[in-house]
Protein chains: 4
Amino acid sequence: MTEEIRQTEPVDYRTRIGQERRQRTYDRLVEAGTMVFADRGVNGTVIDHVVRRAGVSRGTFYNYFDTIDDVLVAAKRALAREIVSLIFEAIDEDLPPAERLAYGVKAFVELARAHPLFLEFTARIGRHAYGFGQVLDEVAPCFVRDSIMAGDFCPMPEEMVTDLLEVGTLALLRRIVAGEDVDVPAFVAAILRMLGVAQEEATRIAALPVVCPVVPSEALLAQSNAAWIKSH
Amino acid sequence: MTEEIRQTEPVDYRTRIGQERRQRTYDRLVEAGTMVFADRGVNGTVIDHVVRRAGVSRGTFYNYFDTIDDVLVAAKRALAREIVSLIFEAIDEDLPPAERLAYGVKAFVELARAHPLFLEFTARIGRHAYGFGQVLDEVAPCFVRDSIMAGDFCPMPEEMVTDLLEVGTLALLRRIVAGEDVDVPAFVAAILRMLGVAQEEATRIAALPVVCPVVPSEALLAQSNAAWIKSH
Amino acid sequence: MTEEIRQTEPVDYRTRIGQERRQRTYDRLVEAGTMVFADRGVNGTVIDHVVRRAGVSRGTFYNYFDTIDDVLVAAKRALAREIVSLIFEAIDEDLPPAERLAYGVKAFVELARAHPLFLEFTARIGRHAYGFGQVLDEVAPCFVRDSIMAGDFCPMPEEMVTDLLEVGTLALLRRIVAGEDVDVPAFVAAILRMLGVAQEEATRIAALPVVCPVVPSEALLAQSNAAWIKSH
Amino acid sequence: MTEEIRQTEPVDYRTRIGQERRQRTYDRLVEAGTMVFADRGVNGTVIDHVVRRAGVSRGTFYNYFDTIDDVLVAAKRALAREIVSLIFEAIDEDLPPAERLAYGVKAFVELARAHPLFLEFTARIGRHAYGFGQVLDEVAPCFVRDSIMAGDFCPMPEEMVTDLLEVGTLALLRRIVAGEDVDVPAFVAAILRMLGVAQEEATRIAALPVVCPVVPSEALLAQSNAAWIKSH
DNA sequence: TATGAATGAGTGTTCATTCAT
DNA sequence: AATGAATGAACACTCATTCAT
């Protein structure tokens, strides 16, 4: 038995080391991908850009991904998870739905403003965007449906809400990237009105303050943003 | 005088023939481009696809365009002009702004539904879309601004209105293309609420009937749609 | 007989008009070619450049030339004839050979300096150069051989003289085009020494003054130079 | 310690193998380029010719060069270094400048005669030639200037000497390629006279014998010449 | 004879993918 | 697992040449 353990232990060790190394390489590729997509957009990015930025060889890429789009998907997922959970941790669950939604949107924009890499990345991925509806439903299942049924939002198809939320926010970020002044509260108010919130109430909620969520330094968002800044 | 005419006639004739041929080829390229973009999207389309579809040689392409994107731009412009003018001709100018807007949006969607090529094309060009704000302002200058100042829409940045209108409509069309059932009145109502129209009023207006504009058979929209259908 | 003349006269007239027109178009092509070759070098010039500069159509080109190189050849010949005969008219035939040669070389350089188009053209045609030996022998047959036999130049192969004269002058012009200061008398002296003239005598002859030949305004050189200047 | 070596060896091995393969491919491309330029001249050579001759794929070319001209430059440099060092090793440094120069020129011509590929290549690259002045100055810095200041050559601009040397030699090689009989001593004598050497002395020096330098069989010159011969 | 639209072979360049080491 | 040289299909673009008008 001891023998067995002794025999397997080195294997486990090697396996663990191998897996860690594998994870590290994977992370480097995703991080590099995030930065390159932010720099060159979805269609301007090729495998070579990513592997060079990640400091690995071409061949290694194919040990982790099949196509460049897979990197985009992985980066989108990783970022979306991080960000959405950061935001949801910051939202007071006792607030009414409209206020929670408003808080989430504004926190998202603040996060983007605070992380130019993320801003660029999001503005550039265009129609390949995060699939906000899905992510939203992962973290806060049935939020939209429940709110509609509870009468907080007026009746409308769920996916229409998430669609408008997603593409509207994207359009907003694109204007920010373009250097224009954007009126975020006006945007939030418009979304709330669309959801059936009365004009004055919408304006009031849209004006409520948010605090930008704190991003842990080991997060992909923080790491890649820092590396990206350094290279610009 | 007769002499003059006799001398100039052959020149005019040759010139006219040449110009007509040139125009025909140009039209074929734009029409082919529209179809290919509808089939393969913006990034999947290459010059070769277009010239093959148009039945002209590679070299001919470069007598008319520099890049494939120029074809996209030309197609967008041609379609946008046709469609917007068709729709605006159909709108009763005496209606209040909210009803005119609702009518326009619904007519646009109907037109798209009736012309699968146009639907695909529009859904696929994505963020390269028509620049609705601009086109809207060409045909109905200051419509949004005036409506806001007149108190018909609630105050918000002009470009935010056109942004949401454009990207929202695009998202809607993408769902139609995907074969989903979409609730156009619900969409229109959402847009109207966003603009400050009260819930009941928005619902009422969104439910008003539209007649799909008649498309003249020589229009690019009709021609290319017919050809496209035939090839599918 | 009168009848005959009357009948043929109009024909002659038309023929003459036709030939004149043909000559005019030909001249325009050669002139345009000269300018384009000066602008873009031998390998950078394509038929389109020439026809556009000449203001004629592509098809017309093929009524006069088969290839773009034929234009180069025609331009070279026309310019070489003009220039060499201008220079030879200016040379005092009673001078000893060394002085005549020195005068010719210096006049050639002066002519080039005074006509930037010609300078550029000559510097850019490179190894396709004028075939100076041949042109020289056209205008002054056996000049080199006679001078050698008379003991004015020391014995050496004739074509070696013209080779060194041609490529040396070309190298000189290239330095002028590059904006460098060149010492023309030093060059002439070097050529004369190469021909066997003693050092002091060579220096003396190389320092003799020349007057730049007058170029008639209807010459290709003058015409194309003027047009070229205007377009730069 | 043994451990260390064992760990690094495989890396070194892989690296070495890779570098060797890389070097081999590079050499094949340069060698192929040399042969194709000799066959078709500078302007008649395209990337496809080179890769086909080298037996590699189109894509491989771009792993080593950006343009076809880069191959020309590489070939010129490689040949020039080989040849010039061969010649300079053969020259007795104790001889007076005029004799050393004469020896160099004659050895160069002999080398060209003995290597038809090199002869063709040199004659065809024309004005893109070796930049003899530069190469000369690399190997024998200030040779011309020092000789002038020492009174061995008569005063004249340095670059005029190298210009005439280069273009004169090139013209000579072109005649050899054309199958004409050329009088190399006469050429050398002409160059020497140009430099101020007296006629008799020039003739004497130009007549001194040279031994054609021995080319090691692994040299680019030898390798590519052999391959080229075999294919003609 | 002049025109210029149309042609298509030729060439340069990119980039995903494979594979021997 | 990692490397990176090699590959070749795909694509962009040029330009000499033809031919109907």
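Naming: A, B, ... by sequence-line order, numbering from 1 per chain.
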Problem - F:dG4 phosphate, OP1 or OP2, under 4.0 Å from A:S57 side-chain N/O - result: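 So the side chain of A:S57 is outside the cut-off, no N or O lying under 4.0 Å from OP1 or OP2 of F:dG4.
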
Problem - Contact under 4.0 Å: C:Y64 side-chain N or O vs E:dA2 OP1/OP2 - result: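 True: C:Y64 side-chain N/O within range (under 4.0 Å) of E:dA2 OP1/OP2.
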
Looking only at atom types and distance, does a side-chain atom of [X] sit under 3.5 Å from a main-chain N or O of [Y], one as donor and one as acceptor?
{"X": "B:R124", "Y": "B:A38", "answer": "yes"}
{"X": "D:E82", "Y": "D:L220", "answer": "yes"}
{"X": "A:R28", "Y": "A:A54", "answer": "yes"}

Calculate, to the nearest 0.5 Å, the distance between atoms [atom1] and [atom2] belonging to [X] and [Y] respectively.
{"X": "D:K76", "Y": "D:D69", "atom1": "NZ", "atom2": "CG", "answer": "8.5 Å"}
{"X": "C:R77", "Y": "C:L72", "atom1": "CZ", "atom2": "CG", "answer": "11.0 Å"}
{"X": "B:E31", "Y": "B:Q223", "atom1": "CD", "atom2": "CD", "answer": "5.5 Å"}

Exercise for the section: Classify every nucleotide of nucleotides 13-18 of chain E by which part a protein heavy atom approaches to under 4.0 Å, writing B for the base, S for the sugar-phosphate alone and - for neither, in 5'-to-3' order. Expected result: BBSSBB

Practice task
Starting from Watson-Crick (N1-N3 plus N6-O4 or O6-N4) and G-U wobble pairs under 3.5 Å, report the runs of at least three that DNA chain F belongs to.
Solution key: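 The stems that DNA chain F takes part in, listed by first number, are E:2-21 with F:2-21.
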
Does the side chain of [Y] come within less than 4.5 Å of [X]'s, by heavy atoms?
{"X": "B:D39", "Y": "B:W228", "answer": "yes"}
{"X": "B:E120", "Y": "B:L117", "answer": "no"}
{"X": "C:F37", "Y": "C:I68", "answer": "yes"}

Integer-rounded Å distance: [N] [atom2] and [X] [atom1]:
{"X": "B:Q19", "N": "F:dT21", "atom1": "CD", "atom2": "P", "value": "17 Å"}
{"X": "C:F65", "N": "F:dC15", "atom1": "CZ", "atom2": "C1'", "value": "18 Å"}
{"X": "D:R52", "N": "F:dG8", "atom1": "CZ", "atom2": "P", "value": "13 Å"}
{"X": "D:R40", "N": "E:dT11", "atom1": "CZ", "atom2": "C1'", "value": "13 Å"}
{"X": "D:R21", "N": "F:dT3", "atom1": "CZ", "atom2": "P", "value": "16 Å"}
{"X": "D:N43", "N": "F:dA16", "atom1": "CG", "atom2": "P", "value": "14 Å"}

Exercise for the section: Dump the intermediate steps for side-chain hydrogen bond (donor to acceptor under 3.5 Å, both in side chains) on C:T67 and C:D70, then the final yes or no. Expected result: CA-CA 5 Å; C:T67 71; C:D70 293 349; 3.3 Å; yes

Problem - Given DNA chain E, 5'-ward residue of the pair B:V56 and C:V56, judged by closest heavy atom - result: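 Closer to the 5' end of DNA chain E: C:V56.
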
Problem - Sub-4.0 Å heavy-atom contacts from residues 22-39 of chain D onto DNA chain E, ordered by number - result: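 Within residues 22-39 of chain D, no residue comes under 4.0 Å of DNA chain E.
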
Exercise for the section: Compare every heavy atom of B:S224 with every heavy atom of B:M35, then report the nearest pair and how far apart it is. Expected result: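 Looking at all heavy atoms of both residues, the shortest contact is SD-O, 3.7 Å.
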
